[in-house]
Undergrad: 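What follows is a single structure, and I will ask about it in a moment.
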There are 2 protein chains.
Amino acid sequence: MTEKIFYFDHAAATPVDERVQTAMKPYFSVDFFNPSSPYAPAVKVRRDYELAKSKLASTFGAKGDEVIITAGATESINLAFSSVNGHIVTSAMEHDAVLAAAKLHDHSIVRPTENGLVSTQSIQDAIRPETEIVSVQLANNEIGTVQPIRDIATIVETERTRRRNSGDKRPIYLHCDASQGFGQVDVNVARLGVDMLTLNSGKMYGPKQVGLLWAKPSVRLEAQIVGGGQERGLRSGTENVPGVIGFSLAAQIAHDHRKSEAERLTALRNTLQEMLTESVEDLVVTGHPKRRLPGSLHVSIPGLDGERLIFALEARGVLVATGSACAANKGTRSHVLSALNISDEVADGSLRITLGRLTDERSIQEGGKIIVEEILRERARVSHA
Amino acid sequence: MTEKIFYFDHAAATPVDERVQTAMKPYFSVDFFNPSSPYAPAVKVRRDYELAKSKLASTFGAKGDEVIITAGATESINLAFSSVNGHIVTSAMEHDAVLAAAKLHDHSIVRPTENGLVSTQSIQDAIRPETEIVSVQLANNEIGTVQPIRDIATIVETERTRRRNSGDKRPIYLHCDASQGFGQVDVNVARLGVDMLTLNSGKMYGPKQVGLLWAKPSVRLEAQIVGGGQERGLRSGTENVPGVIGFSLAAQIAHDHRKSEAERLTALRNTLQEMLTESVEDLVVTGHPKRRLPGSLHVSIPGLDGERLIFALEARGVLVATGSACAANKGTRSHVLSALNISDEVADGSLRITLGRLTDERSIQEGGKIIVEEILRERARVSHA
């Protein structure tokens, strides 16, 4: 392992911002009180917790008391889906958490276009009279395609109006897993037109195992974890005070710097993409050329073994992924690439490169050079084999 | 609020040990990698995580791969109970998390004796042919009574043998919520004879919102939160690496110092109990005189208002509770005291005093003096009213 590390896997994990750590610290050992205790120091902790929730909610245009804090995005998604009895419409691009939770219900899975877009037409076609949730991610965690949530919201709203006019009281909600993309693209519940939103602190330079489900007050959620009645009875357990303090500040920082960070990452990503496409013949760039997360670059080198490549890169200090960390761990092929009808040969030669705050011009130049060199070396090896 | 604080509410929350915070720190921003990522720095994080789980498990005589990490004790209990379809036997002394989760199933609730013991006879009487879980806490969070888990395990084992001999394949498990008491009494799954165990980091000087469910390999658990397949598929979501590193060290410290800490707390508690009983006429001490957590002292002053008293004490820097923090938050009377058939007059005059690492001889002398003074002052006020 080399000393210098070029971390190009921000979609898998982000380091906790130093300011966020500093903000969390007092809540571990000074303001450690149970926020449900009655005495003043605990009431102060309760106040700090609720204020942090409010500020957190305001970053995406919502109110603190509409937010349920969960242990990460996965629990948030499970909580959203446990609230319905009917049919779920989702896409084949979604994270495993959405797909696994949807599969516990009657469900339909729509296929994306070949650059990963979930079309409004496909959603419209999949909605049935008994559909209660449409769930589409804000941006894909592998190829970075940003979905047309606002347009999908219009489809859902049309169906809602149809039901209302025909006296049908069955609700239909649009849920959006925005775990990827916060701090890179605009996330505002009114502008997106969603009814439920999932966010993940661990992907925005906040602590891991902290997330949230936002739901419009009209959504009837059903508790999945019962007990002491915290989070308005919807999610029991002594509150993760430092976690929420950290999540809130992380979201505020990401929100405040979104535009400049998105510009910066887009420029860096485009530079890297050029370096790769110029030097590597037949390189395939996957995902939508325009509707793509600024920090996302998904490439395939047909005929190469992506896994071999990431270990060769790792030996030179460049950390990239082949697909999602969860899938890597299970040794399965990416369900996202399968959904795009990408051939096994292309899929197997994939690298997921995700930029973020640890990326700068120098790391793109130096890291990019290493990626090019290793691809060419590996290709030479394979062609001589 | 005075400068000097005497914290006598360790059952509600404990500060995170400085050593635990130090151990957690690198995993926020240096070793922040997703443990499911394939490259070496992430594999190191995975190894550290699994090692921490193993060490954590070894503190209660178990193996790391038998442990499912959860976001606290409440989720652990919900996960344990979600794995059964049959009847649940539990006691009226249990934490809200157990009672709320049990109420989602067919259940029987046994009454304790007046000093809070759950008798083996009552459990035996409540077990039905369709009972699948018997759940009894290790120690009560309000009055500190330590339950005869080992004896209850014998009852459960007898029923298991009866079923086996009659060809009945329905399982029956003993679950123990040991959230309170770890680090004060012996917690070892073999010696307790339990099949499932719940622990809570936040009550043992570790971080909040981290807990675990331990289950014997023979127990068939069913995932409550699905997705990426972490924790052997039983609890999905990117792992809380710093949380588990912290929980593990907290458990090791608590385990290593258990005997000396139990002796120390027993002596301090007995000193305080003497101070109170000698100075306050009619003072009622609730809970089992012998089978009681070393740090627990539950007293009632009939005719006084416990809530008024805790605010008077708070003004002088003494932080105590009337009951559990959850119940305090909901403004309800303690279900534990109701289960003991304690009259409302006595229950309303209750103080829960729980000692721990922030307690020393000086705080007992000074804090105890303040408690006595405020009780006497309040009593004088009431008798003159």
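Below, chains carry the letters A, B, ... as their sequence lines are ordered, and counting in each starts from 1.
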Undergrad: B:Leu104 versus chain A, heavy atoms under 4.5 Å apart: side chain, backbone, both or neither?
TA: side chain
Undergrad: Under a 4.5 Å cutoff for heavy-atom pairs, which residue among B:Val241, B:Asp17, B:Val226 has the most contacts with chain A?
TA: B:Val226
Undergrad: Heavy-atom distances under 4.5 Å only: say whether B:Gln21 touches chain A with side chain, backbone, both or neither.
TA: side chain
Undergrad: If I measure from the heavy atoms of chain B, does A:Lys25 come under 4.5 Å with its side chain, its backbone, both, or neither?
TA: both
Undergrad: Quick check on the interface: out of B:Gly202, B:Gly72, B:Ser236, B:Ser82, who has the most heavy-atom pairs with chain A under 4.5 Å?
TA: B:Ser236
Undergrad: Shortest non-hydrogen contact from B:Arg235 to B:Ile68?
TA: CB-CG2, 3.6 Å
Undergrad: Need one label for B:Tyr205: side chain, backbone, both or neither, based on atoms under 4.5 Å from any heavy atom in chain A.
TA: neither
Undergrad: Which bit of B:Phe311 is near chain A, if near means a heavy-atom gap under 4.5 Å: side chain, backbone, both or neither?
TA: side chain
Undergrad: Do B:Asn78 and B:Thr70 come close enough that some side-chain heavy atom pair is under 4.5 Å?
TA: no
Undergrad: Do B:Ser36 and B:Thr238 make a side-chain contact, defined as non-hydrogen atoms from C-beta onward lying under 4.5 Å apart?
TA: no
Undergrad: Pick one of side chain, backbone, both or neither for A:Leu358, based on which atoms fall under 4.5 Å of a heavy atom in chain B.
TA: side chain
Undergrad: Report which part of A:Phe81 has an atom under 4.5 Å of a heavy atom belonging to chain B: side chain, backbone, both, or neither.
TA: neither
Undergrad: If I measure from the heavy atoms of chain B, does A:Leu313 come under 4.5 Å with its side chain, its backbone, both, or neither?
TA: neither
Undergrad: Checking heavy atoms, do the side chain of B:Thr14, its backbone, both or neither come under 4.5 Å from chain A?
TA: backbone
Undergrad: Where on B:Val320 is there a heavy atom nearer than 4.5 Å to chain A: the side chain, the backbone, both, or neither?
TA: backbone
Undergrad: Before accepting this row, confirm whether a basic side-chain N of the pair B:Asp31/B:Lys44 lies closer than 4.0 Å to the acidic partner's carboxylate O.
TA: yes
